[in-house]
Amino acid sequence: MTLFYYFYKMQIIIGFYYLCVNAIKNNDSCQCGNKLNRQTIFNPQAGYCVVDNSKFDAISMKEEKAKKMFKINAGTYSIGTNNPVFIADGEGPKREVILDSFYIDKFEVSNEEFATFVKTTGYITEAESFGDSFVFEGLLTQNMKDIINETVVQTPWWVPVKQASWQHPEGSDSNITYRMDHPVVHVSWHDANAYCNWMRKRLPTEAEWEVACRGGLSDRLYPWGNKLIPNNQHKANIWQGSFPTENTEEDGYKGTSPVTMFLQNKYGLHNIVGNVWEWTADWWITKHSSDQQTNPIGPSSGNNKVKKGGSYLCHKNYCHRYRCAARSQNTPDTSAGNLGFRCAISA
C-alpha cells in the first residue's frame, strides 16, 4: 500500500470522528438530515469544475418566468413564529420583513433540468468529487447494504455510499432513468448555487423562501393551513408510519416524488415543504432580532447554510420540520439523498 492510501484512510477516519462528535453535541430530537455535515478536513480540490455562464436571452428568461416562476410583489411580510417547535433551531421570534419584488420557481429543480446544466457545462458535483454521499439506508438494495460498514452515530439509517450522486441516488446500482421529473438530490449548496447562477438566477434568501412558503397566509403551520391532511388529502410528500422501520407510503411515495406533485399554496408552488430539503442563500444563525428588517440576507459568513422545508423522511413524531417556520442547516459542501433546491430571481 502506498503512503497516499494510508493518508487517505486516515482522513476518512478523522472525518467521520468529527461528524460523530457534531452529532453527539446536537441534542434535539430531529434526525432527518441536519447532522449530515462533511467536515473541513474533506476540502474539495480547488477548481474542480468549470461552468459556462452563457447568458440567456431576454425572451427566454421572460418565458421562464411566465411558465415556471411566480412573482411575489414587494411588501411587508411576517416570518418566524412565537410558538416554535424546536427552540434551538431559531424558529422565533415572529418578525416583519420588507421585501422587494422577486420571482421564485414553482417547482424544485428536476433531474432533467440539472442534466441539461451538466451536459452544457461539464459541471462535476461535490458528491462526485468526494466520491460518496449520504443515502437513507431504507432505500438501498440488499447488495449495497452488504458492502456498507459505516453509519452515522445516532442516525444509523444514514450511510455514506460510495459513488452515490445525483445520477446514482442510491449508489452505483441505481439510476434516474425513470426519475427525470423528480428533484435532483445529492447536490451541495455550492452545486445548487452554480446551477442557479448558470440560469441567471440565484438561491432565495431564507426570508424570501419563507414568505413564498406561506403563500399569503399568516400564522399557519403549513403553506395551506394548520391541518396536515385537510379533507383526508395528503398535501406533502413526508413519512407515514413508524420511522425508520415502516413507511406505509400513504401519500404514494417511498422516496422523492415528481416536482409537479403536491400543489401547496395559492402562489402555485409545489413541494415547498416535504419531498426534499431546499438550500437557501443564508448562512445559519439562531438568534434573530425582532426588529423589522428590509431584504434580510443573514450573516456575512458562517459554517453552515440554511435549508428549509423538510423532506420525504420527516415525520411529526421525530422531525416536524415540514413547517414554513422550521429550519435546519448543513455545511455548504454536504450532499444527501433528501437535499435539493429551487431558484429565485429579483424582479
Side-chain angles (χ1 to χ4, degrees), residues 8-9 11-20 22-23 31-45 48-49 108-111 114-115 117-118 123-141 143-177 179-180 182-195 244 254-256 275-279 304-305 307 310-314 328-341:
Y8 173 77
K9 293 297 288 184
Q11 282 187 313
I12 296 296
I13 293 170
I14 295 174
F16 274 97
Y17 166 77
Y18 277 107
L19 187 149
C20 295
N22 274 2
Q31 310 293 341
C32 55
N34 58 316
K35 311 286 193 310
L36 302 181
N37 289 330
R38 294 187 187 274
Q39 301 304 311
T40 54
I41 193 167
F42 291 119
N43 285 329
Q45 296 180 357
Y48 64 92
C49 66
E108 293 156 334
V109 174
S110 69
N111 283 315
F114 199 80
F117 164 60
V118 170
Y123 187 86
I124 299 173
T125 62
E126 289 197 291
E128 293 169 298
S129 179
F130 283 118
D132 62 25
S133 189
F134 292 104
V135 180
F136 176 63
E137 186 267 347
L139 296 178
L140 296 175
T141 64
N143 287 338
M144 289 300 297
K145 291 179 183 179
D146 289 342
I147 62 175
I148 300 295
N149 55 19
E150 295 171 309
T151 61
V152 178
V153 170
Q154 294 188 341
T155 58
W157 46 86
W158 280 114
V159 292
V161 176
K162 299 294 184 185
Q163 299 180 47
S165 69
W166 73 275
Q167 296 184 82
H168 304 284
E170 292 81 49
S172 59
D173 64 351
S174 66
N175 61 64
I176 56 173
T177 302
R179 287 184 272 182
M180 296 305 288
H182 286 226
V184 63
V185 293
H186 296 295
V187 284
S188 69
W189 185 93
H190 295 125
D191 301 330
N193 192 53
Y195 175 89
K254 182 177 182 180
T256 58
N275 212 22
V276 294
W277 283 98
E278 298 181 12
W279 289 112
N304 294 277
K305 288 291 188 176
K307 62 180 185 179
S311 79
Y312 61 87
L313 295 177
C314 281
S328 190
Q329 86 283 357
N330 283 117
T331 57
D333 58 357
T334 296
S335 59
N338 68 339
L339 184 52
F341 68 103

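Shortest non-hydrogen contact noted between W157 and P244 is CE3-CG, 3.6 Å. The heavy-atom pair separating C314 from G310 by the smallest distance is SG-CA, 3.8 Å. In this structure, H168 and N175 approach most closely via the heavy-atom pair ND1-CA, 4.4 Å. Smallest separation of non-hydrogen atoms from M144 and S172: SD-OG, 4.3 Å. The minimum heavy-atom distance between E108 and V276, with the atom names listed, is OE2-CG2, 3.3 Å. Across N304 and Q329, no two heavy atoms sit closer than the pair CB-CG, 3.5 Å.
Here the OG1 atom belonging to T256 is positioned 7.5 Å from the CG atom belonging to N111, to the nearest 0.5 angstrom. How far CZ of F130 is from OG1 of T334: 8.5 Å, rounded to the nearest 0.5 Å.
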Please test I176 against H182 for side chain to side chain contact (heavy atoms under 4.5 Å, CB included), starting from the C-alpha separation and ending with a verdict. CA-CA 9 Å; I176 56 173; H182 286 226; over 6 Å; no
Please step through side chain to side chain contact (heavy atoms under 4.5 Å, CB included) for the pair N193 and W279, ending with a clear verdict. CA-CA 9 Å; N193 192 53; W279 289 112; over 6 Å; no
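Between T125 and F114, some side-chain heavy-atom pair lies under the 4.5 Å cut-off. Here the side chains of H186 and V135 are in contact, with some heavy-atom distance below 4.5 Å. With contacts defined as side-chain heavy-atom distances shorter than 4.5 Å, the pair W166/V118 qualifies. When side chains are defined from C-beta on, R179 counts as touching P169, because their heavy atoms get closer than 4.5 Å. Looking only at side-chain heavy atoms (C-beta outward), L339 and V185 stay at 4.5 Å or farther from each other. For the pair K145 and E137, the minimum side-chain heavy-atom distance is below 4.5 Å. A heavy-atom distance below 4.5 Å is not found between the side chains of Q163 and E128. By the 4.5 Å heavy-atom criterion applied to side chains, V152 and V159 are not counted as neighbours.
Using modelled atom types and a 3.5 Å distance limit, the side chains of N143 and T141 yield no donor-acceptor pair. Checked by atom type, the side-chain pair S335/S188 shows no donor-acceptor distance below 3.5 Å.
The residues E278 and K307 are annotated as not salt-bridged, no charged nitrogen and carboxylate oxygen being separated by less than 4.0 angstrom.
Using a 30° and 60° split on the angle between ring planes, F134 and W158 fall in the perpendicular class, above 60°.
With ring centers used as reference points, F341 lies under 6.0 Å from Y195.
A donor-acceptor contact shorter than 3.5 Å links the side chain of D191 to the backbone of E126.
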